[in-house]
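Data block below; observations after.
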Amino acid sequence: MPMEKTFNAAEAEQRLYDAWEKSGAFRAGANASRAETFCIMIPPPNVTGSLHMGHAFNNTLQDILVRWHRMRGFDTLWQPGQDHAGIATQMVVERELAKTNRRRTDMSRDDFTALVWEQKQKSGNTIIDQLKRLGASCDWSRNAFTMSGAPNAPKGEEGNFHDAVIKVFVEMYDKGLIYRGKRLVNWDPHFETAISDLEVEQIEVQGQMWHFKYPLEDGQTYEYVEKDEEGRVTFRETRDYISIATTRPETMLGDGAVAVHPSDERYAPIVGKLCEIPVGPKEHRRLIPIITDEYPDPTFGSGAVKITGAHDFNDYAVAKRSNIPCYRLMDTRAHMRADGAPYAEAAATAMAVAKGEKTLTEAEVDAVNLVPDDLRGLDRYEARKRVIAQINAEGLAVTVLTKSIDKETGAEHLERIPLVEQNKMMQPHGDRSKVVIEPMLTDQWFVDTAKIVEPALDAVRKGMAAQEAGTFDEKAGYTRILPERDAKTYFHWLENIEPWCISRQLWWGHQIPVWYGLGIHPIVFVDDEADGALDEVEMFRLLREGAFDGQDPATYCAASFAAAADRARDDLAALPTPLHAARVVEVADKHEAMAAFTAALGEYEVTQDPTRLIYPVWRDPGVLDTWFSSGLWPIGTLGWPEDTPELKKYFPTDVLVTGFDIIFFWVARMMMMQLAVVDQVPFHTVYVHALVRDEKGRKMSKSLGNVIDPLDLIDEFGADALRFTLTAMAAMGRDLKLSKDRIAGYRNFTTKLWNATRFAEMNAALPRDTGGARPEPSHTVNRWIIGETARARLSVDEALTAYRFNDAANTLYAFVWGKVCDWYVEFAKPLMDGDQAGETRATMAWVLDQCCTLLHPFMPFITEELWGQTGTRSKMLVHADWPAYGADLIDADADREMNWVIALIEEIRSARMQMHVPAGLKLPVVMTAMDDRGRAAWARNEPMIARLARLDGMTEGAAPKGSITVAVEGGNFAIPLEGVIDIAEEKARLSKALEKLDKDMNGLRGRLSNPKFVDSAPEEVVEETREKLALGEEEAAKLKAALARLAEVG
RNA sequence: GGGCGCGUAGCUCAGCGGUAGAGCACUACGUUGACAUCGUAGUGGCCACAGGUUCGAUCCCUGUCGCGCCCA
C-alpha cells in the first residue's frame, strides 16, 4: 500500500504511544546496553493540574534527553509523579464544596481529606494522559505521589513517600534543624494559614495614609523645630503631641511604642517620654514610650513611626530590638480579636508593662487582647473605619486648611479637614487566595535554613567553578546550574536566606509529627511529703501551676503516636510517684487535654488508684509546606528511606530540567534537603529554561485570556511539530514567545520528511528494498551525503551534550531540509536508473533512516511511524541504536566536489533569474576555461547539473557573443543568450557582484597591509585572510574580463 | 532601593574577538516524474548610543539612554 501524502498525526500518535507502552519501552533500564545510568526526575505537576505550555516545554526537553540516552544504551529512568500541592488542591476541593454551600469546617478533618483523595483519584490521571499525548517517555509504572502512604490514603495510594517526609522531619528536629517559635509570619486570612515568603505576591494598590496626633502624657509640651539644610529654622511651634503617619489605623490598638530616628533633632526633647494612643475608651487610654531606632526615615512622613510589633515586619524587628511587647489584635480570619479579658483589664496590664512595672512571657503577651470592647469581632477594614472616625471626632487627626465653596451661597470659606494622603503602595497578597496578607504573630515551625544552606552553596560554587574551568565532572559530587545567570540568582537567594516557615494550618498535607503535652515539669512540681501519693494541695497545684496557660507545652516529635508516647514517658519518669506512671493517651487538643487530665485527677482522688492517672497529649494540627515534601522528591521517589535497588542505581540523578520561577521554591530546597538528609547532591546539572509567553511576550494567564492550550496545538499540528517548535526556540535563558506561524512551519518540516520518504518509496529506495545497511558507494554524491549525515550526528551530539537544544534542532532542520531534501534527493533523481542506481537507492535508504534516528528524540511519533513503514525492524525506533559514526565518514574530496557543483548550479540559477530566462527553458552551456579538477567534477556530475540548472548540452570554446558569464573555482562557463540577454542588465549584474567583491577585498587588503595585523594575529588567521584574498582576486579578474567582453559587444 | 538580564533584518530570535545568520513575513517567477504544508531567485542590518582595551569589537570593559523580570 503506497504511503499517504501526509502524516496523519491524529491517527498515529495514540497508536504509537500505546505500542511503546505495551512493549515496556519506557521502563527503567529498557534498552540498556551499558552500565552507565541516566536519570531525570520530572518536576511533579500539581495533582489537580492540567498541562499548560510550560509543562509542554519542560517535558519536551526532558524527553529529548531521556530518549537520546536510552537510544545510546544508557540505563535510563525518567521518574514521573505528581505533587499533592497543599493549598492549591485544598482550594479546588473547597471550591467544589462551596457550590453546595458547604464548608470544610462543616465536616471532620478525616472526612475532608477523604474528599481530597477522591478528587486526586478523579483528576490525577488527567495530566498523565496529557503528558502521554506530548510523547513523554516516563516510566509510568513507577509513578510517584508526594502523599503516597499517608495514614488515611485510600487503596491504590500505597507507597512510602509519607514515611520519608515524616522521617526527615523527625531527624531534622532531633538535630536541631527544625524549631518551633512564635514569629511574625505571612498569614492568609482566607485559608487561615501561614504561608512562606515565596507564596506572597506584592501588588501595587492605591493606598491611603492617615496622620494622627499622639498626645504626650499629662499634657506635656515641647518646642517642635524644623530646620533647613543650612540649619536655619524654618518652622517652630509648641506642641503637646507627636504626629504619626500610618496606612493601617486599626493596628494602632496594638502599638507598643513610637519610634524616631536617633539623629532626628525635632523629637530629641521627647525621646524617653510617654505618649498616648489616641483611640479607645478615654478612661483607659494606653501610654507608650517614645524610643529611638535606626528604622524610621526622618524624611518620610513626620519622621515618627508607630511600632505595632504583631502586625508589621519592620515594626516587629524594632520591637525585638527594644524589647517592646507585640500585642496581637486579630484572629485567624483577620477579624479583631474577641477573646480574653475585657478591654479595661487588658489595657491596665499593658499600661503596667509600658511603665516597666510588669514583664510578661510571650504567651502572656499573646493572651492580652487590646481591642476595645466596641470593636471586638469586627473585620479589620470595618475596624479601620471606626478607628478613623473616632479619632477624627476627637480632633486628633492632623488637618490641612482647605478652601471650599458653599453651593447655595457661593461663599468661599476655609476649613480644616483631616490630612489623608493618596499613595501607590505595595501590598502583600496570597498567591493562591489573592487576599491581603496579614502579618500575624503565631506559633509556627521553621527550618533553620542558615544551618543547612552552606553545603548547598558550596556544591554549586564548586560545580560552577569546574564548569568555568572546563573540568566539569558529572560524578564529582557538585552541581552546576545552566545558564550561569541562574546560578547567580541561586547564590543571591541562598546567601540571604531567611528561616523557612514550614507549617501550614491546612488539612491536606503531611501532618506535623509532633505531639504536645501539658508542661508538668519536675522542678515546678514536687511531691511535698514524698509519700508517693497526690494530696489535694498537690493536685490543686498541678492544675493551677502545673502548667498550663502561659506555659510552653512539652513537645514530643516522633514518627508515630506510639513513638511520641515513648518520648513522653521518658519525661514522666522524672516526675514523682504516682504521676511518673501516668498512661499517655492521645486527645484532640489542649482543651480536651485539660479536661481529661482534670477528670483523671478527680477519679484518682476518689479511688486513690494510680492507674487512673493519665498524661494526655495532642498532635499539632498543622501540615507541612508542600515544598518540604517536594524538596525530597529525588530520594523519595526512589524509595528512600529504604535502600532500594533503584536508589542505589539512579541516585544521585543526572539532570534537573526546570523553569527559573521555581529555583527558590524547589531547586534550592532540594539541594539543601538532599545534602542535609543523605549528604549528596540530588543531581549534577540543573538546566534552567525560560518561560513560555504569548507572541507579544506576555505571560500566559487565565485573566489575560491569552493562554494557549498545548493540547489544542497538538490537535492542530501534531505533537512532533509542537515539540520541535519548542525545542528550536529553546535558546538558553530567554523568554520563549510562541506563535502559531512558527509551529505551522515545523509541521511543514514533518511533512517534508514524510514526502522525502515517499519519494524513496516510489523509487524502491527504502530499507525494506535495500536491506538498510550503510553502503560504501562510489559516486561522489552518495559519498558526500554520507559525510553530511556524519557531520549532522556529530553536531547534534555536541549540541545536546552542551544542553543547546535549539542548536540540535536547527542542525537537524538544516540537514534534513537543506541538505537531504533540497540537494540530495534532487541529485539522486537522475541516478535512479543508471549504473549507480543500486548504490544510490541503498544510500538514500540509509540516509533517510539516519534522519529518522537522529530526529527521533525530537519528533518521536512521525519518526517511529516512518521507521515502521519503511522496513522490517528487529526493534522499534525508540530502542534503535543511536549512531556512533563520525568524522571517519566524511570524504573531503566528495565534499569539495559537491560544494563546487552546488555553487555552480546556484550561480547559473541566479544568473538565469536575473536575466529573466523563462524557468522552463533549457540552455546550452560553453566551458570557456577549466582546470582538471573542474573537468572531472563536471564529468561526474553533468546529469545532475544539467537537470538542476536546466542546461542542455555542453561545448567547449570561447564565449560566444551575447552570453553571460558564470565563474566558478577553477574556471568559467558561458551561457549564450543571443537575443535573450539584456546587455545592460548583465552589466549591472556583473558590476554589482564585482562591487561587493571589491568591498570585501578592500577589507582584506587593508588588514594584510597592516604590519601589526600580520605580526600579532595568529598564523592561521593571516593565512586564511591571504587565501580569501587570492580567491577573491581570481573571481574579480573573471568578472572584469566578462565586463570587458560585454563592453566590446555593447 | 537591591539583584539579574535585554536592546542584532519588518517580526521572533541565534551568534558573543577575525568583519552578520536562521525561521517567519515580504517581492518576483514557477503545475521539473516526493512535497503548493512546495520549489527557485531575491529585497532587507552604522549588530541602541558614546568612550575604552585590542592588529582587529556585534562580541570584552566603562558610561548613557530605552525595555523587561525577580527581590525588598
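In what follows, chains are A, B, ... by sequence order, proteins preceding strands, each numbered from 1.
For R947(A), the listed nucleotide lying nearest its side chain is rG33(B); candidates were rG33(B), rA34(B), rU12(B). Checking rA34(B), rG18(B), rU37(B) against the side-chain heavy atoms of M762(A) singles out rA34(B) as nearest. Here the nucleotide nearest the side chain of Y813(A), chosen from rG18(B), rA34(B), rC24(B), is rC24(B). Here the nucleotide nearest the side chain of V825(A), chosen from rG3(B), rG39(B), rA34(B), is rA34(B).
A gap of 33 Å separates the C1' atoms of rG1(B) and rC13(B), to the nearest Å. Distance noted for atom P between rA9(B) and rC59(B): 15 Å (whole Å). A gap of 15 Å separates the P atoms of rU40(B) and rC35(B), to the nearest Å. Remark: the separation of the C1' atoms in rU58(B) and rG15(B) is 9 Å, to the nearest Å. Taking the C1' atom of each, rC46(B) and rA34(B) are spaced 45 Å apart, rounded to whole Å. With both ends at atom C1', the span from rG51(B) to rC69(B) equals 29 Å, rounded to whole Å. rC49(B) and rA41(B) have their C1' atoms separated by 37 Å, with the value rounded to a whole Å.
The pair R841(A)-D769(A) fails the salt-bridge criterion, with no side-chain N (NZ, NE, NH1 or NH2) lying under 4.0 Å from an Asp/Glu carboxylate O. With respect to the salt-bridge test (charged N to carboxylate O, under 4.0 angstrom), the residues R791(A) and E788(A) qualify. The residues E906(A) and R909(A) are annotated as not salt-bridged, no charged nitrogen and carboxylate oxygen being separated by less than 4.0 angstrom.
The separation between E826(A) atom CD and rG33(B) atom C1' is 11 Å, rounded to whole Å. Distance M859(A) CE to rU37(B) C1': 13 Å, rounded to the nearest Å. Residue I905(A) contributes atom CD1, which lies 14 Å from atom C1' of rU32(B) at whole-angstrom precision. The distance from atom CG of L1008(A) to atom P of rG56(B) is 15 Å, rounded to the nearest whole Å. Summarising the geometry, the separation between CZ on R1005(A) and P on rG56(B) is reported as 21 Å, rounded to the nearest angstrom. Taking atom CD on E201(A) and atom C1' on rC71(B), their separation rounds to 14 Å, with Å as the unit. For the pair K829(A) NZ and rC35(B) C1', the interatomic distance rounds to 9 Å; values are reported in whole Å. Atoms CZ (R742(A)) and C1' (rA25(B)) sit 12 Å apart, rounded to a whole Å.
Heavy-atom neighbours of K434(A) NZ from other residues, nucleotides or ligands within 6.0 Å: above the threshold of 12. In E495(A), the CD atom is crowded: over 12 heavy atoms of neighbouring residues, nucleotides or ligands sit closer than 6.0 Å.
Remark: rA41(B) base-pairs with rU27(B); criterion is Watson-Crick or G-U wobble with both hydrogen-bond distances under 3.5 Å. When Watson-Crick and G-U wobble pairs are counted only if both distances are under 3.5 Å, rC4(B) pairs with rG68(B).
Within 4.0 Å (heavy atoms only), N1010(A) reaches sugar-phosphate atoms of the nucleic acid but no base atom. Across all strands shown, P1011(A) has no heavy atoms under 4.0 Å from either base or sugar-phosphate atoms. When heavy atoms are screened at a 4.0 angstrom cut-off, R912(A) is found touching no nucleic acid atom at all. Using a 4.0 Å heavy-atom distance criterion, R747(A) is classed as a base contact.
In rC46(B) the O4'-C1'-N dihedral to the base is within 90° of 0, which defines a syn nucleotide.
In this model, the phosphate group of rG42(B) is approached by a side-chain N or O of S910(A) to a distance below 4.0 Å at OP1 or OP2. The shortest distance between the side-chain N/O atoms of W817(A) and the OP1/OP2 oxygens of rG39(B) is below 4.0 Å. Note on R950(A): every side-chain N or O is 4.0 Å or more away from OP1 and OP2 of rU40(B). Residue K488(A) places none of its side-chain N or O atoms closer than 4.0 Å to OP1 or OP2 of rC70(B). Between K922(A) and rU32(B) there is no side-chain polar atom (N or O) within less than 4.0 angstrom of OP1 or OP2. For the OP1/OP2 pair of rC24(B) and a distance below 4.0 Å, the side-chain nitrogens and oxygens of K740(A) include no atom meeting the criterion.
Cation-pi check for K752(A) over Y813(A) is not met; the charged atom does not lie both under 6.0 angstrom from the ring centroid and within 45 degrees of its normal.
In terms of position along RNA chain B, the nucleotide closest to G1003(A) lies nearer the 5' end than the nucleotide closest to the other residue of the pair G1003(A) and M913(A).
Side-chain atoms of K5(A) and base atoms of rA36(B) include no donor and acceptor less than 3.5 Å apart.
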Using the rule given for side-chain hydrogen bond (donor to acceptor under 3.5 Å, both in side chains), can you reason through N755(A) versus R758(A), listing the C-alpha separation, both sets of side-chain angles and the distance that settles it, and then say yes or no? CA-CA 5 Å; N755(A) 277 295; R758(A) 235 177 111 233; 2.9 Å; yes

